[in-house]
Amino acid sequence: MKTLVLYYSMYGHIYTMAKAVLEGVREIKGAEVEMKRVPETLPRDVLIKMGAMDAQKAMDHIPICTVDELALADAVIFGVPTRFGNMCAQMRQFLDGAGQLWANGSLVGKIGSVFTSSATQHGGQESTILSFHTTLLHLGFIVVGLPYAFQGQMRIDEITGGSPYGASTITGGQGERMPSDNELAAARFQGKHVATIASKMFP
Ligand SMILES: Cc1cc2nc3c(=O)[nH]c(=O)nc-3n(C[C@H](O)[C@H](O)[C@H](O)COP(=O)(O)O)c2cc1C
């Protein structure tokens, strides 16, 4: 059973969550898992102006995914930052390259799951994940979320991401807040949950 953790991250929050998702997948015996990034679409000078270079350098060693690699995985767990309540353009561009896979039905019956981040608490995490699910359904994925079995999403004693749709983190307006222990636990749970289902479907 092969799982791909595929993400885009500009400032490293989604990358941090992706590493926790990966840990969760690895808790399932026999799970093969890889972490990859989607290609950057912004020019280097724009990334410099956006203050993203330190985070980009920290991710240099993560391989860039090609769209055909989607067909090699049994489960894909997608990580995307929120952009105006929706997935980022880098991920959109990547998925828009999946027309051939859609036409051939190559992704039908695979498991897809999504986690996200946003600057503000109500800045569109749920809309990002749910609108991402629309694309996954068009491609034939079986969508998996973050069930309430992950009780950490019920917490009201601290600010936290996480919903039945998927794990998430709140970054703050300047990206000053990194994922909390509870949000990382949600990401690990989602990884393990997807891998548990995938291991039953693709033994
Ligand atoms: C163009 C743009 C649009 C954004 N739109 C939103 C938004 O709608 N809601 C929100 O809370 N944060 C928004 N953000 C903040 C990002 O979601 C935040 O920088 C991201 O989650 C950080 O994740 P990363 O460190 O993995 O890149 C936006 C950021 C950019 C650059």
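Start at 1 and go down the list; that is how both ligands and their atoms are numbered. As the structure is a prediction and not an experimental result, all values here were calculated from the model.
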Review point. Which residues pass the side-chain contact (heavy atoms from CB on, under 4.5 Å) test with Ala195, sequence neighbours left out?
Key: Met1, Val25, Ile28
Exercise for review: Hey, can you tell me if Phe141 and Phe78 have their rings parallel, tilted or perpendicular (30° and 60° cut-offs)?
Suggested key: perpendicular
Exercise for review: Could you pull out every protein residue that has a heavy atom closer than 4.0 Å to ligand 1, ordered by chain and then number?
Suggested key: Ser9, Met10, Tyr11, Gly12, His13, Ile14, Met50, Pro81, Thr82, Arg83, Phe84, Gly85, Ser117, Ser118, Ala119, Thr120, Gly123, Thr171
Practice item. List, by chain and number, the other hydrophobic cluster members for Tyr148, where Ile, Leu, Val, Met, Phe, Trp and Tyr join if side-chain heavy atoms come within less than 4.5 Å, directly or indirectly. Key: Met154
Exercise for review: Apply side-chain contact (heavy atoms from CB on, under 4.5 Å) to Ala71 and list each qualifying residue two or more places apart in sequence or on a separate chain.
Suggested key: Leu101, Ser106, Leu107
Practice item. Check Gly123 against Thr82 and note the closest heavy-atom contact, atom names and distance. Key: O-CG2, 3.5 Å
Point to revise | Any donor-acceptor pair under 3.5 Å from Lys36 side chain to Leu4 backbone | key: no
